[in-house]
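Here the structure is laid out as structure tokens; the discussion comes afterwards.
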Amino acid sequence: MAFRLTGVRVAANSGSLEEARGRVFEFFKSACRSIPQIMEIYNLHDVISESQLRSNIASQFRRNAHITNPKGGRGLQVIDMLVFKGMEELGNIVEHAKQRHHIIGQYVVGQHGLVQDLNPKDDAISPFLNNFYKTNYS
């Protein structure tokens, strides 16, 4: 089954910060509209919910929220470049150019690594092993 991302196109450079901001919002909306399709393509329902994936994508956008200064001459170019790279990434994901473990590693696990719940049985681990796990696996 082939999926196609429609309605996403690369435009000329932004003329103002408001125009660049509008492009970022349009791209975010198209990314959020693609989430059900991505969940279906990569069978992610067992590892993450749609709302969690949407919040992870929003955090990726927030990571670059500090880029707002067009006075430096390159602020708008940087925003346009980030939107272009994001559209390219979204296109690759929707066209199934990545494998499932790439998506899980980048957007499910993220930079924080796997979050493991401590079970009551973990309380019986010796202090030595506890210290070992903390220093080698965190």
Output for pair (S34 OG, R54 CZ), nearest 0.5 Å, gives 11.0 Å
Gap separating the CD atom of Q60 from the OG atom of S55, nearest 0.5 angstrom: 10.5 Å
Taken to the nearest 0.5 Å, the spacing of K98 NZ from E95 CD works out to 12.5 Å
Could you check if a side-chain atom of I48 sits within less than 4.5 angstrom of a side-chain atom of Y107, using non-hydrogen atoms only? no
Verdict with reasoning, I41 to I103, per side-chain contact (heavy atoms from CB on, under 4.5 Å): CA-CA 11 Å; I41 292 170; I103 304 302; over 6 Å; no
Can you name the residues that form a side-chain hydrogen bond (donor to acceptor under 3.5 Å, both in side chains) with E88, not counting sequence neighbours? none
Please assess R100 against V47 for the test side-chain contact (heavy atoms from CB on, under 4.5 Å), listing each intermediate value before the final yes or no. CA-CA 11 Å; R100 184 174 190 256; V47 291; 4.0 Å; yes
Applying side-chain contact (heavy atoms from CB on, under 4.5 Å), run through L90 and F27 and close with a yes or a no. CA-CA 10 Å; L90 181 61; F27 172 60; 3.9 Å; yes
When rounded to the nearest 0.5 Å, the distance separating CD of Q37 from NE2 of H96 is 11.5 Å
Does the salt bridge (charged side-chain N to carboxylate O under 4.0 Å, His left out) test come out yes or no for R23 and E19, once each step is laid out? CA-CA 6 Å; R23 288 183 182 175; E19 184 181 347; 2.9 Å; yes
Rounded to the nearest 0.5 Å, what separation is found between the CG atom of L82 and the CD atom of E89? 12.5 Å
Is the backbone of A97 close enough, under 3.5 Å, to the side chain of N92 for a donor and an acceptor to pair up by distance? no
Please determine whether side-chain contact (heavy atoms from CB on, under 4.5 Å) holds for the pair V24 and N64, giving the CA-CA distance in whole Å, both sets of side-chain angles, and the decisive distance to 0.1 Å. CA-CA 11 Å; V24 170; N64 294 315; over 6 Å; no
Main-chain N/O of I104 paired to Y42 side chain as donor or acceptor, under 3.5 Å: no
What distance do K29 atom NZ and E26 atom CD have between them, rounded to the nearest 0.5 Å? 4.0 Å
Shared hydrophobic cluster for F25 and I79 (ILVMFWY, side-chain gaps under 4.5 Å): no
Residue pair P36 / C32: nearest heavy atoms and the distance that separates them: CD-O, 3.9 Å
Where E40 and H45 come nearest, the two heavy atoms and their spacing: N-NE2, 4.3 Å
